[in-house]
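Beneath this line is the structure, given in structure tokens, with notes to follow.
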Amino acid sequence: MKCHFYHDIKEFYDLTHKILLAQEAQNLILLGNIYIGIDGSDIRGWRDPVNWVMITVSEGEEILLIALMTPPHNIVLHSCGTESEVEAIRCLIEGLQERQIAVPGAMSEKSLVDLFAGEYAAAQGLTAKTHQEQRIYELTRVDSGIPLLAAPLQLRAASPSDMAFLPWWDNGFQAAIPGSEISLSESAEAARYMVQNRGVYILEDEGIPVSMARLHREMRTACGIGYVYTPPFLRGRGYATACVAAVSRIALERGFARCVLYTDLANPTSNSIYQKIGYRPICDSRMIKFEPRTSG
């Protein structure tokens, strides 16, 4: 068994793409990041593949495990479902240790990330803590019971003028994720980036912005839906349901076979909303952070 590290994003893509594509929806984040690296048109911040940690663990010609870390973000894992999963994880960790590569956290399907987290924490003398419990959903058709948008509701693409409120909406969105709080200036930068790169949609009620969602990570047959946010004082009025349903319809009309989104299992309201629209669960995912062990 051997752990391979790559410096060329194209080589990594050529070796892993077909494997990941077999479970396209489940590998939304891995595939989305690899496409960003291959495209190479935007290398700001974490998007520059020069700084990425790209790894496969293989036995002979067979790839057993795929891992990608885009610093400062967590390592994301995919197992090819072999009986040698434990040995593959240990081989990966040995490779990381030999190169003195520190991993801040991990994300994957629950059983796989738990296996990695247990082995990595023990090897590094760290504590593994669950940061977020997630569920991955997939939609192939918006439920027929969800009506098309009609006046006074209207959906439109975000524009530079929306920077008057989007930084605050982004800040509220991030604050709802434990440990993900960022400054307003960082939110302004993130909002500006998303407006410039399109994909963010604003739902208006009588011309007033009330909710948003983003179409992103466009892959071969699937695309991601995320960045769903309604200001607290506007919740409970069906805005998020209408917004996500409308953006999902746009994606399907563009020719994508499915829409994929991640939810926080700690938020039963959002999970209920998505299932009402027609999203069906694929699997549960978990995000884990590593912290120093406390004495005593």
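Side chains are part of it too, since the values below use all heavy atoms of this structure and drop only hydrogens, waters and symmetry mates. The shown structure was predicted, so the numbers you read here are calculated from the model rather than taken from an experiment.
For E59, the salt bridge (charged side-chain N to carboxylate O under 4.0 Å, His left out) criterion is met by no residue, not counting sequence neighbours. By the salt bridge (charged side-chain N to carboxylate O under 4.0 Å, His left out) test, D143 is found to be paired with no residue, residues two or more places apart in sequence or in another chain being considered. With sequence neighbours excluded, the residues forming a side chain to side chain contact (heavy atoms under 4.5 Å, CB included) with A266 are D264, listed by chain and number. The side chain to side chain contact (heavy atoms under 4.5 Å, CB included) test applied to P160 returns V195, not counting sequence neighbours. When the salt bridge (charged side-chain N to carboxylate O under 4.0 Å, His left out) test is applied to E291, the partners found at least two apart in sequence or on another chain are K129. With sequence neighbours left out, the ring-ring contact (aromatic ring centres under 6.0 Å, His included) criterion links Y239 to no other residue. The side chain to side chain contact (heavy atoms under 4.5 Å, CB included) test applied to E138 returns A25, T140, R258, I282, not counting sequence neighbours. Partners of P152 under the side chain to side chain contact (heavy atoms under 4.5 Å, CB included) rule, at least two apart in sequence or in another chain, are D205, E206. Partners of D39 by salt bridge (charged side-chain N to carboxylate O under 4.0 Å, His left out), not counting sequence neighbours: none found.
S285 contributes a side-chain N or O that, together with a main-chain N or O of S108, makes up a donor-acceptor pair within less than 3.5 Å. Formation of a donor-acceptor pair under 3.5 Å by the S272 side chain with backbone atoms of P268 is not found in this model. Under the 3.5 Å distance criterion, the side-chain polar atoms of N27 are matched with a main-chain donor or acceptor of L20. A donor-acceptor contact shorter than 3.5 Å is absent between the side chain of N51 and the backbone of T70. With W52 contributing its side chain and W46 its backbone, the two residues share a donor-acceptor pair below 3.5 Å. A side-chain donor-acceptor contact under 3.5 Å links Y120 to the backbone of V103. Of the possible polar contacts, none joining the R214 side chain to the Y201 backbone as a donor-acceptor pair under 3.5 Å is found. The backbone N or O of L126 sits less than 3.5 Å from a side-chain atom of R293, completing a donor-acceptor pair.
The shortest non-hydrogen separation linking T230 to V210 is CG2-O, 3.2 Å. Listed here is the closest heavy atom pair of M219 and G32: SD-N, 4.3 Å. In terms of heavy atoms, Y137 sits closest to P281 at CD2-N, 3.5 Å. For A246 against L155, the heavy-atom pair with the smallest separation is CB-CD2, 3.7 Å. Y229 approaches P232 most closely through the heavy-atom pair OH-CD, 3.4 Å. Between S187 and P167, the closest heavy-atom pair is CB-O, 3.3 Å.
Using a 4.5 Å cut-off on side-chain heavy atoms (C-beta onward), I19 and I63 make contact. When side chains are defined from C-beta on, V50 does not count as touching I43, because their heavy atoms never get closer than 4.5 Å. For the pair L65 and F116, the minimum side-chain heavy-atom distance is 4.5 Å or more. Counting heavy atoms from C-beta outward, L139 and L252 have side chains that approach closer than 4.5 Å. Inter-residue side-chain proximity for E109 and S79 is flagged as unmet; no heavy-atom pair is nearer than 4.5 Å. Between I277 and V142 there is a side-chain heavy-atom pair separated by less than 4.5 Å. By the 4.5 Å heavy-atom criterion applied to side chains, I66 and L15 are not counted as neighbours. You'll find the side chain of L149 stays beyond 4.5 Å of the side chain of R249, heavy atoms only.
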Step by step, would you call R44 with Y193 a side chain to side chain contact (heavy atoms under 4.5 Å, CB included)?
CA-CA 10 Å; R44 287 179 287 180; Y193 174 85; 2.9 Å; yes
Please lay out, stage by stage, how M194 and Y227 fare under the test side chain to side chain contact (heavy atoms under 4.5 Å, CB included).
CA-CA 10 Å; M194 285 185 284; Y227 202 53; 2.9 Å; yes
Step-by-step side chain to side chain contact (heavy atoms under 4.5 Å, CB included) determination, E186 to Q174:
CA-CA 11 Å; E186 290 173 310; Q174 297 296 341; over 6 Å; no
Walk me through whether H216 and N197 qualify under side chain to side chain contact (heavy atoms under 4.5 Å, CB included).
CA-CA 10 Å; H216 66 145; N197 288 274; over 6 Å; no
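Between the side chains of Y279 and N271, no donor N or O sits under 3.5 Å from an acceptor N or O. At a cut-off of 3.5 Å, with distance as the only test, a side-chain donor of T221 or E24 sits close to an acceptor on the other residue.
In this structure, R99 satisfies the cation-pi test against F5, with its NZ or CZ atom closer than 6.0 Å to the six-membered ring centre and inside 45 degrees of the ring normal.
Members clustered with L184: W168, by chain and number, using a 4.5 Å side-chain heavy-atom cutoff among hydrophobic residues.
To the nearest 0.5 angstrom, R286 atom CZ is 13.5 Å from H131 atom NE2. The OH atom of Y13 lies 15.5 Å from the OH atom of Y6; values are rounded to the nearest 0.5 Å. Rounding to the nearest 0.5 angstrom, the gap separating the CG atom in L21 from the CD1 atom in I34 is 10.5 Å. The NE2 atom of H78 sits 9.5 Å away from the OG1 atom of T16 when rounded to the nearest 0.5 Å.
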Kindly list each side-chain donor-acceptor pair under 3.5 angstrom involving residues 86-95, sequence neighbours excluded, with atom names and distances?
{"from": "R90", "atom 1": "NE", "to": "E119", "atom 2": "OE1", "distance (Å)": "3.3"}
{"from": "R90", "atom 1": "NE", "to": "E119", "atom 2": "OE2", "distance (Å)": "3.3"}
{"from": "R90", "atom 1": "NH2", "to": "E119", "atom 2": "OE2", "distance (Å)": "3.2"}

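Hydrophobic clustering places V57 together with I75 (ILVMFWY residues linked when any side-chain heavy atoms are closer than 4.5 Å, directly or through intermediates). L30 and L112 are members of different hydrophobic clusters when ILVMFWY side chains are connected at heavy-atom separations under 4.5 Å. Taking hydrophobic clusters as Ile, Leu, Val, Met, Phe, Trp and Tyr residues chained together by side-chain heavy-atom distances below 4.5 Å, L31 shares a cluster with I29. Note on V53: it does not cluster hydrophobically with L68, by side-chain heavy-atom contacts below 4.5 Å among ILVMFWY residues.
Comment: D8 does not engage K10 in a salt bridge, judged by the lack of any side-chain N to carboxylate O separation of less than 4.0 angstrom.
Screening residues 152-161 for salt bridge (Lys or Arg N to Asp or Glu O under 4.0 Å), with sequence neighbours left out, gives R156-D162, R156-E204.
Between Y35 and H17, the ring center distance clears the sub-6.0 Å criterion.
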